[in-house]
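Down below is the structure, laid out as structure tokens.
Treat the numbers as computed from the prediction; the structure is a model and nothing was measured.
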Amino acid sequence: MSPEDVGRYAESLPLVKRKGTESRPGWYVNNRLVARLHDENTVVIRVPLDERESLLAAYPDSFGVPPRMETHHKVEAYLDRADPRAVRAAIDLAWQMQAR
């Protein structure tokens, strides 16, 4: 999955707007983060904490939580090895969380 794929998918969801810069775009609903490109291979996705562990367990090669994010509603998706279905599922969770 590429950063462009992430952007296309995020922007296909209702109310999602792209913000940020060309090199570090982010996708938001009502100014609330859904996903943000951290680097060319890593996307930070906001997910509910109660869903995060199940994502990590189901897709251990796709996601990680670095120490700086442990207390936040976020996961990192590693695009070079992530299952595209997993990334889309995490974006869906973020969108649902922010669109409420």
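- For D5, the side chain to side chain donor-acceptor pair (under 3.5 Å) partners are S2, R8, not counting sequence neighbours.
- The backbone N or O of K74 lies less than 3.5 Å from a partner atom in the side chain of R52, making a donor-acceptor pair.
- When hydrophobic residues (I, L, V, M, F, W, Y) are linked wherever their side-chain heavy atoms come within less than 4.5 Å, Y78 remains an isolated member.
- Contacts of E22 classified as side-chain contact (heavy atoms from CB on, under 4.5 Å), with partners at least two apart in sequence or in another chain: R18.
- In terms of the side-chain contact (heavy atoms from CB on, under 4.5 Å) criterion, residue partners of S54 (sequence neighbours excluded) are, by chain and number, E51.
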Only distances under 3.5 Å count here; give the side-chain donor-acceptor pairs of residues 88-98 to other protein atoms, sequence neighbours excluded, each with its distance to 0.1 Å.
from : atom 1 : to  : atom 2 : distance (Å)
D92  : OD1    : Y9  : OH     : 2.5
D92  : OD2    : Y9  : OH     : 3.2
W95  : NE1    : P14 : O      : 2.7
Q98  : OE1    : R32 : NE     : 3.4
Q98  : OE1    : R32 : NH2    : 3.2
Q98  : NE2    : L33 : O      : 2.7

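- With sequence neighbours excluded, the residues that form a side chain to side chain donor-acceptor pair (under 3.5 Å) with R85 are D83.
- Between L37 and V6, every side-chain heavy-atom pair lies at or beyond the 4.5 Å cut-off.
- At least one side-chain heavy atom of L79 sits less than 4.5 Å from a side-chain heavy atom of P3.
- Every pair tested for side chain to side chain donor-acceptor pair (under 3.5 Å) that includes a residue from residues 57-66 fails, sequence neighbours excluded, so the list is empty.
- By the side chain to side chain donor-acceptor pair (under 3.5 Å) test, N30 pairs with no residue at all, sequence neighbours left out.
- Judged purely by atom type and a 3.5 angstrom limit, H73 has no side-chain atom pairing as donor or acceptor with the backbone of R46.
- Both L15 and V34 belong to a single network of hydrophobic side chains, linked directly or stepwise wherever heavy atoms of I, L, V, M, F, W or Y lie under 4.5 Å apart.
- Between K17 and W27 the shortest side-chain heavy-atom distance does not fall below 4.5 Å.
- The salt bridge (Lys or Arg N to Asp or Glu O under 4.0 Å) test applied to E76 returns R68, not counting sequence neighbours.
- Using a 4.5 Å cut-off between side-chain heavy atoms of Ile, Leu, Val, Met, Phe, Trp and Tyr, with links allowed through other members, Y28 and V16 fall into different hydrophobic clusters.
- Residues A99 and V29 approach most closely at CA-CG1, 3.9 Å, considering heavy atoms.
- Both M69 and V47 are assigned to one and the same hydrophobic cluster, defined by single-linkage of ILVMFWY side chains at heavy-atom distances under 4.5 Å.
- Remark: S23 engages T21 in a side-chain contact (heavy atoms from CB on, under 4.5 Å) (not counting sequence neighbours).
- Residues satisfying the salt bridge (Lys or Arg N to Asp or Glu O under 4.0 Å) criterion with D39, sequence neighbours excluded, are absent altogether.
- In this view, E53 and L56 satisfy the side-chain contact (heavy atoms from CB on, under 4.5 Å) rule, not counting sequence neighbours.
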